[in-house]
Each structure stands twice: as structure tokens, then as C-alpha cells.
S.K.: 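Handing you this structure, nothing more for now.
Chain letters run A, B, ... following the sequence lines, proteins first, then strands; residues in each count from 1. In this text the structure is predicted, and so the values were computed from the model without any measurement.
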Amino acid sequence: DAGITQSPRHKVTETGTPVTLRCHQTENHRYMYWYRQDPGHGLRLIHYSYGVKDTDKGEVSDGYSVSRSKTEDFLLTLESATSSQTSVYFCAISEGPGSQETQYFGPGTRLLVL
Amino acid sequence: EDKVVQSPLSLVVHEGDTVTLNCSYEVTNFRSLLWYKQEKKAPTFLFMLTSSGIEKKSGRLSSILDKKELFSILNITATQTGDSAVYLCAVGGGGSNYKLTFGKGTLLTVNP
């Protein structure tokens with residue numbers, strides 16, 4: 001298994017509070033991704049990073065921000081959590097183009113916003 | 001807009017049956033098509049198919065890519081209850097930056 005951890009694994013929070021999810025990898029992969037997975041929608045890309053301090057938006061980025069100050073860590077922040085952000089969040093990593101673009105997923109974080 | 005469509009959405013079979021899962025796609029600058037298996041946890045990688053590798057096999061699982069008709073199939077022979085999962089198809093392409101577009105998945109249930 002790829003060395004990817006996510007923390008916390010479960011979180012319950014209240015509407016309007018800020019939340020930060022952490023993804024940590026030990027593979028030294030250049031690319032990191034944040035997805036959310038919801039019934040009926042599948043996996044949707046929130047933000048991704050193609051290097052330290054290099055990030056870009058995915059298809060559902062509104063209400064989320066990210067930061068990557070080190071190769072191994074990619075943080076996802078919900079500035080002011082809403083009930084619509086209740087979801088399972090997965091982090092993924094990949095080496096890059098060609099045969100290395102396979103993405104490997106972390107164990108996921110279940111977030112409930114009340 | 002890149003699009004990946006999987007069918008059927010769900011499928012129920014008996015142990016020992018053979019199943020075929022479908023994935024069609026519309027994406028510019030196609031690079032690769034990947035299959036993942038997701039049980040009640042994170043997706044795990046099964047296969048990657050590219051222009052230089054349009055057929056893959058691992059045990060009872062096999063997959064082919066038809067770049068002309070823009071689809072892929074995943075075959076599972078002699079199914080077992082442990083094959084029960086959601087199978088996800090993802091396609092790499094479009095612009096750069098190495099993003100994948102995922103289909104919504106096929107839920108396979110294998111009954112004993």
C-alpha cells in the first residue's frame with residue numbers, strides 16, 4: 001500500500017466552523033489531490049497540487065482552500081463549514097505523467113457538518 | 001467537458017458467474033484509462049490501459065481498451081463474494097496537470 005495517511009479519520013463539526021483535513025505521504029510523489037465522494041456523484045476533484053506551493057482548482061472547489069508547504073503534506077481547509085460539505089474526503093497521490101499517473105488513495109476522512 | 005459513463009449502475013450475480021462492466025468516455029487528448037475497486041473504504045488500483053497497453057489481465061480479472069470506439073470493459077470470471085464492490089473507471093486526458101475524471105461506478109453484488 002502507498003504510504004498515505006489522512007487525519008482526522010472522522011470528524012463532527014458545526015456549521016460555520018473552520019475545518020482542516022491533513023494528507024501526509026511518505027512516497028515523495030509530486031502530485032497530490034483532494035476528492036470528495038457522495039452518493040450519486042462519485043469521486044469529484046476539489047483541488048490538486050503539482051508541486052510545493054503549486055495548486056489548482058478542481059471541479060468543486062467553492063468553499064475549500066488548500067496549501068502545500070512541504071512535499072509530504074497537503075492540507076484541505078473548509079473556511080466555514082456547511083451541511084453540504086458533509087462527505088467522505090479522499091486524498092490521492094501520483095508520481096506524474098505516463099505510466100506514473102496512477103493515483104493511489106488514502107483511507108479517507110468522514111466529515112459530518114451539523 | 002470530459003465525461004466518463006459506466007454501465008450498468010448496479011449488478012447482482014451469483015457466485016461463479018462471469019460479469020462484464022462497461023466504461024465509455026469522451027475526453028480530449030486521451031492518455032490512459034484506469035480501473036479501481038472500492039469496497040467500504042478507499043479505492044484500490046486494478047489496471048491501467050494506455051495506447052501502448054490495451055489489454056491487461058490479473059487472475060480472474062481482465063480488461064480491454066477500444067480507443068477507436070472510446071470504451072473499455074472489465075471482465076470478472078468465476079465471481080466470488082469477495083468481488084462484491086463498486087468498480088470505478090477513470091480517464092486521464094484533457095489539459096495537462098494529470099487529472100483523472102471518474103465515472104460514478106458500478107456496484108457489483110455477488111451472492112453465494
S.K.: Excluding sequence neighbours, so at least two apart, what forms side-chain contact (heavy atoms from CB on, under 4.5 Å) with A/Ser7?
M.R.: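 Only A/Arg22 meet the side-chain contact (heavy atoms from CB on, under 4.5 Å) criterion with A/Ser7.
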S.K.: Given a strict heavy-atom distance threshold of 4.5 Å, which part of A/Glu59 is in contact with chain B: side chain, backbone, both, or neither?
M.R.: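 Contact with chain B: none, neither part.
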S.K.: Are more than 12 heavy atoms, taken from residues, nucleotides or ligands other than B/Arg60, located less than 6.0 Å from that residue's CZ atom?
M.R.: yes
S.K.: Need one label for B/Leu88: side chain, backbone, both or neither, based on atoms under 4.5 Å from any heavy atom in chain A.
M.R.: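 When you check distances to chain A, only side chain atoms of B/Leu88 fall under 4.5 Å.
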S.K.: Please state whether the rings of A/Tyr48 and A/Tyr33 are parallel, tilted or perpendicular, taking 30° and 60° as the class boundaries.
M.R.: parallel
S.K.: Any chance you could lay out the side chain to side chain donor-acceptor pair (under 3.5 Å) test for A/Thr55 and A/Ser49, step after step, and finish with the verdict?
M.R.: CA-CA 4 Å; A/Thr55 63; A/Ser49 170; over 6 Å; no
S.K.: For A/Lys70, give me all partners under side-chain contact (heavy atoms from CB on, under 4.5 Å), at least two apart in sequence or on another chain.
M.R.: A/Glu72, A/Asp73
S.K.: Below 4.5 Å from any heavy atom of chain A, which atoms of B/Leu34 appear? Answer side chain, backbone, both or neither.
M.R.: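 It is the side chain, since no backbone atom gets that close.
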S.K.: If you look only at pairs with a residue in residues 2-25 of chain B, which of them pass as a ring-ring contact (aromatic ring centres under 6.0 Å, His included), with sequence neighbours excluded?
M.R.: B/Tyr25-B/Phe30
S.K.: May I have the step-by-step check of side chain to side chain donor-acceptor pair (under 3.5 Å) for A/Tyr64 and A/Tyr89, ending in yes or no?
M.R.: CA-CA 12 Å; A/Tyr64 302 95; A/Tyr89 291 86; 2.7 Å; yes
S.K.: Is it the case that more than 12 heavy atoms not belonging to A/Lys57 sit under 6.0 Å from its NZ atom?
M.R.: no
S.K.: With a 4.5 angstrom heavy-atom cut-off, is it the side chain or the backbone of A/Leu45 that approaches chain B, or both, or neither?
M.R.: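 Only the side chain of A/Leu45 comes within 4.5 Å of chain B.
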S.K.: Are there residues of residues 36-44 of chain B whose heavy atoms fall under 4.5 Å of chain A's heavy atoms? If so, which?
M.R.: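 Interface residues of residues 36-44 of chain B: B/Tyr36, B/Gln38, B/Lys41, B/Ala42, B/Pro43.
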